[in-house]
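Contents: one structure, followed by commentary.
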Amino acid sequence: MRVMAHDVREAPRPGMFSNAVVRGDRFWVSGMHAGDPDGPIGGADAYLQAGEAFRRVISLVEACGAIAADVTVLRIYLTSMGDLASVGRARSDHFVGEMPCSTVVEVGALVHPDLKVEVEAEGVLRAPDS
C-alpha cells in the first residue's frame, strides 16, 4: 500500500515513485532530502539539510503507522564524507536508544546540485501489543 504524509511533497509526476510503501508488517521510505522549490532547506549547511531529510523520513514512517524506533535500516547518501559528522549529529537528533543499522555512501551527485544528503529507511511495524 502506498503511503503519503501531508507535510512531505510527492513525486513531481504521478506514477514516478512512491515516497513510502507498506507491505505486511514492513515499510520502506524512499530517499528523502531537503529539496524545496526555493532551494535546499538549510541552504548549504549539511546539518540543517540532514535534519530536514530525517524529519521527512520520520513523517513518512509515522504515516506508515510506525515510530522512529521501528526503523531497522537507514541508508545515507552524502556528496562529501566531510559532512559525515554533521549528518551523524542530525541523525542523533531524530533517533535515540537502539540505533538502526546504517550505511553511509559518498555519491557524485544527488538530484539537485545543491543537495548534500539523502536518506532512505525501512523497518518493521510493531504488533499492536508491543
Side-chain angles (χ1 to χ4, degrees):
M1 165 181 70
R2 180 174 176 232
V3 176
M4 296 181 284
H6 72 281
D7 60 343
V8 178
R9 291 179 192 267
E10 285 295 304
R13 290 191 317 271
M16 191 174 187
F17 63 87
S18 297
N19 279 344
V21 173
V22 173
R23 296 275 190 276
D25 67 347
R26 306 244 355 243
F27 63 88
W28 294 264
V29 176
S30 290
M32 293 290 116
H33 51 69
D36 189 70
D38 298 325
I41 294 172
D45 186 309
Y47 170 76
L48 295 175
Q49 282 196 28
E52 177 60 15
F54 286 117
R55 184 202 67 75
R56 291 177 184 185
V57 165
I58 297 299
S59 183
L60 286 160
V61 165
E62 290 172 352
C64 288
I67 60 173
D70 296 327
V71 173
T72 57
V73 177
L74 290 171
R75 285 179 207 83
I76 302 170
Y77 304 92
L78 302 177
T79 58
S80 171
M81 280 296 175
D83 293 326
L84 184 60
S86 295
V87 172
R89 196 164 40 99
R91 180 180 51 202
S92 295
D93 292 344
H94 296 273
F95 292 90
V96 296
E98 185 177 308
M99 298 298 274
C101 296
S102 185
T103 298
V104 179
V105 179
E106 184 176 86
V107 296
L110 295 171
V111 70
H112 188 279
D114 294 334
L115 291 171
K116 296 178 172 251
V117 59
E118 186 165 331
V119 179
E120 63 180 314
E122 63 181 87
V124 178
L125 299 172
R126 294 174 186 245
D129 60 340
S130 5

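- Taking CZ of F27 as the start and CD of E62 as the end, the distance is 10.5 Å to the nearest 0.5 Å.
- Contact annotation: the side chain of N19 approaches that of F17 to within less than 4.5 Å [non-hydrogen atoms, C-beta and beyond].
- When hydrophobic clusters are built by joining Ile, Leu, Val, Met, Phe, Trp and Tyr residues whose side-chain heavy atoms come closer than 4.5 Å, directly or via intermediates, M1 is grouped together with L60.
- How far CD of E122 is from SG of C64: 12.0 Å, rounded to the nearest 0.5 Å.
- For R56 (side chain) and H33 (main-chain N/O), a donor-acceptor pair under 3.5 Å exists by modelled atom type.
- Under the 4.5 Å side-chain contact rule for hydrophobic residues, I41 and V8 do not share a cluster.
- Y47 and I58 end up in different hydrophobic clusters when Ile, Leu, Val, Met, Phe, Trp and Tyr side chains are linked at under 4.5 Å.
- Side-chain heavy atoms closer than 4.5 Å link hydrophobic residues (I, L, V, M, F, W, Y) into clusters, and following such links, possibly through other members, connects V57 to L84.
- Inter-residue side-chain proximity for V117 and D83 is flagged as unmet; no heavy-atom pair is nearer than 4.5 Å.
- No side-chain heavy atom of R91 sits under 4.5 Å from any side-chain heavy atom of V87.
- In this structure a side-chain-to-backbone donor-acceptor pair under 3.5 Å is present from E106 to M81.
- Residues V111 and Y77 share a single hydrophobic cluster, defined by chaining ILVMFWY side chains whose heavy atoms lie under 4.5 Å apart.
- One N or O on the side chain of Q49 and one on the backbone of G43 form a donor-acceptor pair closer than 3.5 Å.
- For the atom pair NZ of K116 and CG of L48, the computed distance is 11.0 Å after rounding to the nearest 0.5 Å.
- Expressed to the nearest 0.5 Å, how far CG of L74 lies from CE of M99 amounts to 7.5 Å.
- Looking only at distances, no side-chain donor or acceptor of T72 sits under 3.5 Å from a matching main-chain atom of C101.
- Proximity of E120 to V29: side-chain heavy atoms (C-beta onward) are nowhere separated by under 4.5 Å.
- Contact record, S86 with A46: CB-CB, 4.3 Å, taken as the closest heavy-atom pair.
- For the atom pair CG (D36) and CZ (R9), the distance works out to 5.0 Å, reported to the nearest 0.5 Å.
- Proximity of a side-chain donor or acceptor of T103 to a complementary backbone N or O of R75 within less than 3.5 Å is not detected.
- Nearest heavy atoms, V21 versus S18: CG2-CB, 3.7 Å.
- Distance check, rounded to the nearest 0.5 Å: CG of D70 to CG of L125 gives 6.5 Å.
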